[in-house]
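Quick caveat: nothing in here was measured; it's all calculated off a predicted structure. Just so you know, residue 1 is the first one in the sequence shown, and it goes up from there.
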Amino acid sequence: MDSTIDLLDPDKALDLNHIRYQLIRLEDTIVFALVERAQFPLNPTIYVPGALALPDFSGSFLDWIFVQKERIYASVRRYQAPDEYPFFPEVLKMEPILKPLNYPKLLHPNTVNINEKIMKVYIENILPAICKSSDKSRGDRGEQQENYGSSAVADVGVLQALSRRIHFGKFVAESKFRDDVKGFSRLINEKNGEEIGNRITKPAVEEQVLRRLRHKAQIYGRDPTLNPDEGGGADGNAGVGKIDVEAVVQMYRDFVIPLTKDVEVEYLLQRLIEPEEDKTTPAGVA
């Protein structure tokens with residue numbers, strides 16, 4: 001079976017096996033993006049609105065970079081895809097230069113978009129852990145003005161990958177709903193978000209995800225040209241790692257998995273709502 005998810009094929013897009021494969025591939029994307037970001041200092045200045053003078057813009061330097069990139073992505077219809085969500089929804093007003101694709105109806109119309117929360121968690125919790133140096137000889141990695149641009153560009157890559165992975169919870173939720181319409185409909189009508197959360201939670205699967213992620217961070221976060229005799233330990237992690245493996249695992253355990261679950265629950269709580277025609281926010285454009 002071809003495991004690649006195809007959003008133009010409803011059978012594949014809502015098949016849990018294909019969804020799981022996509023989530024596993026997104027783990028690779030996220031770890032590589034974090035390794036890229038971790039090479040630069042934290043550079044907290046770029047996250048403070050008004051800290052750097054920007055023409056006709058009052059947000060942070062990261063916001064400014066992000067808006068420019070999302071305008072380009074919107075122009076090539078990125079946010080017309082049902083698995084993509086902009087951090088700055090105003091870019092949705094842009095007319096794409098490419099002809100629209102005819103996506104089938106995969107998700108129920110909904111307004112779930114937690115990118116604002118993802119951004120906050122990333123800046124306040126994930127970045128400080130990822131950019132913290134374990135090598136004391138390197139000193140304070142707090143600020144390097146020459147890396148402001150590179151840091152922000154890398155941030156965009158991480159945030160987009162995190163957003164896509166977390167919002168993929170909608171596909172998981174829709175697949176599970178279709179497997180048990182009666183059971184979930186009862187809980188939705190009762191507005192029992194807690195029990196919905198319990199029903200979609202699979203502790204064994206979550207532990208498997210964390211074990212796999214730890215292994216990937218260990219492998220992707222070290223130089224493959226080195227061997228254990230050149231400073232590595234018995235676990236094969238030669239030399240100084242490019243990223244804190246435990247920080248990556250903690251990120252998934254404390255933020256990615258819980259936020260994905262939040263998306264699933266919020267989506268399901270809206271699953272039975274028939275939107276008013278003029279006020280519908282199509283799935284994928286929330």
Between [Y] and [X], is there a side-chain heavy-atom distance shorter than 4.5 Å?
| X | Y | value |
| --- | --- | --- |
| Gln160 | Glu84 | no |
| Met119 | Phe66 | yes |
| Ile200 | Leu268 | yes |
| Arg271 | Asn110 | no |
| Asn189 | Leu272 | yes |
| Cys131 | Phe40 | no |
| Asp83 | Gln22 | no |
| Tyr122 | Asp155 | yes |

Any sub-3.5 Å donor-acceptor pair from [X]'s side-chain atoms to [Y]'s backbone N or O?
| X | Y | value |
| --- | --- | --- |
| Gln270 | Thr111 | yes |
| His167 | Pro82 | no |
| Thr260 | Val256 | yes |
| Lys12 | His18 | no |
| Asp15 | Asp11 | no |
| Arg165 | Gly169 | no |
| Ser151 | Asn147 | yes |
| Asn43 | Ile46 | no |

Linking Ile, Leu, Val, Met, Phe, Trp and Tyr through side-chain heavy atoms less than 4.5 Å apart, which residues share a cluster with Ile97?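 Under the 4.5 Å side-chain rule, Ile97 groups with Val76, Leu98.
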To check you understand the geometry: which heavy-atom pair defines the closest contact between [X] and [Y], and what is its length?
| X | Y | value |
| --- | --- | --- |
| Ile196 | Phe184 | CG2-CE2, 4.4 Å |
| Phe171 | Leu14 | CD2-CD2, 3.9 Å |
| Leu54 | Gly59 | CD1-O, 3.8 Å |
| Ala161 | Ile30 | CB-CG1, 3.7 Å |
| Leu42 | Pro128 | CD1-N, 4.1 Å |
| Ile118 | Ser163 | CD1-CA, 3.9 Å |

Cluster overlap [X] with [Y], hydrophobic side-chain contacts below 4.5 Å:
| X | Y | value |
| --- | --- | --- |
| Phe87 | Ile72 | no |
| Leu101 | Met94 | no |
| Val181 | Val265 | yes |
| Ile24 | Val31 | no |
| Ile273 | Leu107 | no |

Applying side chain to side chain donor-acceptor pair (under 3.5 Å), which residue pairs with at least one partner in residues 57-71 are found, sequence neighbours left out?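 The answer is Ser60-Asp63, Gln68-Arg71, Glu70-Tyr79.
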Evaluate Val209 against Arg253 for side-chain contact (heavy atoms from CB on, under 4.5 Å), listing each step before the verdict. CA-CA 9 Å; Val209 169; Arg253 182 184 65 239; over 6 Å; no
side-chain contact (heavy atoms from CB on, under 4.5 Å) for Leu62 and Val156? Distances and angles first, verdict last. CA-CA 8 Å; Leu62 172 62; Val156 172; 4.2 Å; yes
Roughly how far, to the nearest 0.5 Å, is [atom2] of [Y] from [atom1] of [X]?
| X | Y | atom1 | atom2 | value |
| --- | --- | --- | --- | --- |
| Leu26 | Ile166 | CG | CD1 | 10.5 Å |
| Met251 | Leu127 | CE | CG | 11.0 Å |
| Leu162 | Leu259 | CG | CG | 9.0 Å |
| Asp179 | Leu16 | CG | CG | 6.5 Å |
| Arg214 | Tyr252 | CZ | OH | 14.0 Å |
| Glu190 | Leu187 | CD | CG | 5.5 Å |

Could you tell me which residues satisfy side-chain hydrogen bond (donor to acceptor under 3.5 Å, both in side chains) with [X], sequence neighbours excluded, listed by chain and number?
| X | answer |
| --- | --- |
| Thr45 | Glu143 |
| Glu90 | none |
| Tyr73 | none |
| Lys120 | Glu124 |

Hey, mind stepping through Asp28 and Arg25 against salt bridge (Lys or Arg N to Asp or Glu O under 4.0 Å) and telling me if it holds? CA-CA 5 Å; Asp28 299 342; Arg25 288 288 292 109; 3.2 Å; yes
Should Gln250 and Phe255 be marked as a side-chain contact (heavy atoms from CB on, under 4.5 Å) after you check the CA-CA gap, both sets of side-chain angles, and the distance that decides it? CA-CA 8 Å; Gln250 181 181 3; Phe255 302 112; 5.5 Å; no
Within a radius of less than 6.0 Å around CD of Glu116, do more than 12 heavy atoms belonging to other residues, nucleotides or ligands occur?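 Counting neighbours around CD of Glu116, 12 or fewer heavy atoms of other residues, nucleotides or ligands fall under 6.0 Å, so no.
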Atom CD of residue position Glu194 - does it have more than 12 heavy atoms of other residues, nucleotides or ligands inside 6.0 Å?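 No, not enclosed.
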Criterion side-chain contact (heavy atoms from CB on, under 4.5 Å) on Glu207 and Leu210, from CA distance to verdict: CA-CA 5 Å; Glu207 285 303 316; Leu210 296 178; 4.1 Å; yes
Salt bridge or not between Glu36 and Lys242? Use side-chain N to carboxylate O under 4.0 Å.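 No, this pair does not count.
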Testing Glu174, Lys170, His108 for side-chain hydrogen bond (donor to acceptor under 3.5 Å, both in side chains) with Tyr267, which one passes?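 Going through Glu174, Lys170, His108 one by one, the side-chain hydrogen bond (donor to acceptor under 3.5 Å, both in side chains) with Tyr267 is satisfied by Glu174 alone.
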Aromatic Tyr85 / basic Arg164 pairing, under 6.0 angstrom, 45° off normal: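 No, Arg164 does not sit over the ring of Tyr85.
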